[in-house]
Amino acid sequence: GVQLVESGGGSVQAGGSLRLSCAASTDSDDEVDGKCMGWFRRAPGGERKAVARFYQGGVRTNYADSVKGRFTVSQDNAQNTVYLHMTNLEPEDTAMYYCAAAGPLPNPLACLIIQQREFDDWGQGTKVTVTS
């Protein structure tokens, strides 16, 4: 499996920015190949929902409509770290943010369509609070 550790959460005013990190560690570099990586969030009292997901080795990241144009995923392959750059934050973005991994999967399309429950590895989460 993949061990995931999130960091970078905190409290910020509306309109501000944060960068979350997800450090991945595995027993073998081969385990990262073909993985579907995702960022999810759970707002207070709400359900956990997808924010963004991408396929390792793919070229596209898919974003939830609520964060399109404001959030961007990037990764540092040398450090096995995935980032979630969040800008123009809104109070509605307040949530626990989780990094997750699924797979390996055969192709990017599979990464788009798998259900949340099929993500096998999860981090402990990092809390983001956006104040108005």
Side-chain angles (χ1 to χ4, degrees):
V2 179
Q3 293 77 50
L4 304 169
V5 179
E6 303 95 334
S7 61
S11 182
V12 64
Q13 287 189 328
S17 302
L18 281 174
R19 187 186 74 168
L20 306 184
S21 301
C22 172
S25 60
T26 65
D27 294 333
S28 167
D29 287 341
D30 290 340
E31 290 195 38
V32 177
D33 295 341
K35 288 285 190 182
C36 178
M37 302 297 297
W39 282 99
F40 296 81
R41 67 184 183 186
R42 187 196 302 272
E47 297 181 348
R48 190 168 59 192
K49 297 182 179 180
V51 173
R53 60 174 75 185
F54 68 94
Y55 181 73
Q56 287 285 11
V59 296
R60 286 185 58 185
T61 300
N62 289 85
Y63 298 93
D65 288 342
S66 58
V67 306
K68 280 181 181 177
R70 300 188 299 120
F71 290 13
T72 305
V73 171
S74 67
Q75 59 179 328
D76 181 338
N77 291 328
Q79 298 296 324
N80 273 350
T81 300
V82 177
Y83 301 100
L84 182 65
H85 305 264
M86 307 186 296
T87 64
N88 196 18
L89 283 161
E90 304 167 352
E92 292 74 21
D93 296 317
T94 294
M96 282 292 289
Y97 283 73
Y98 301 90
C99 178
L105 301 179
N107 53 58
L109 177 61
C111 180
L112 292 181
I113 64 176
I114 63 168
Q115 299 298 308
Q116 186 179 141
R117 63 178 179 272
E118 297 177 75
F119 281 79
D120 304 308
D121 302 303
W122 291 83
Q124 82 290 347
T126 186
K127 186 176 181 180
V128 172
T129 302
V130 184
T131 58
S132 58

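Treat the numbers as computed from the prediction; the structure is a model and nothing was measured.
Note that CG of L105 and CD1 of I114 are 5.0 Å apart. Values are rounded to the nearest 0.5 Å. Taken from OG1 in T87 to CZ in R19, the straight-line distance is 14.0 Å, to the nearest 0.5 Å. From T61, atom OG1 reaches atom CZ of F71 across 14.0 Å, with rounding to the nearest 0.5 Å. Expressed to the nearest 0.5 Å, how far CG of N77 lies from CD of Q56 amounts to 6.5 Å. One distance of note links OG1 of T72 with CE of M86; it measures 11.0 Å at 0.5 Å rounding. Here Q3 contributes atom CD and T26 contributes atom OG1; the two are 7.5 Å apart, rounded to the nearest 0.5 Å.
Ring-plane geometry between W122 and F40 is classed as tilted, the angle between the planes lying from 30 to 60 degrees on a 0 to 90 degree scale.
Here the closest non-hydrogen pair linking V82 and M37 is CG2-CE, 4.3 Å. Closest approach of T81 and S21 over heavy atoms only: CG2-CB, 4.2 Å. T94 and V130 get closest at one heavy-atom pair: OG1-N, 2.9 Å. The two residues S74 and H85 make their nearest non-hydrogen contact at OG-NE2, 2.7 Å. The two residues A52 and V73 have their closest heavy-atom pair at CB-CG2, 3.7 Å. Between E6 and Y98, the shortest heavy-atom distance links the atoms OE2-CA, 3.3 Å.
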So S11 and T131, side chain to side chain contact (heavy atoms under 4.5 Å, CB included) or not? Walk me through it.
CA-CA 7 Å; S11 182; T131 58; 4.2 Å; yes
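For the disulfide bond (SG atoms under 2.5 Å apart) condition, the pairs that include at least one residue of residues 103-132, sequence neighbours left out, are C36-C111.
With respect to D93, the salt bridge (Lys or Arg N to Asp or Glu O under 4.0 Å) criterion is satisfied by exactly one of K49, R70, R42: R70.
Open room surrounds CD on Q13; 12 or fewer heavy atoms of other groups in view lie less than 6.0 Å from it.
The side-chain heavy atoms of D121 and K35, taken from C-beta on, include a pair separated by under 4.5 Å.
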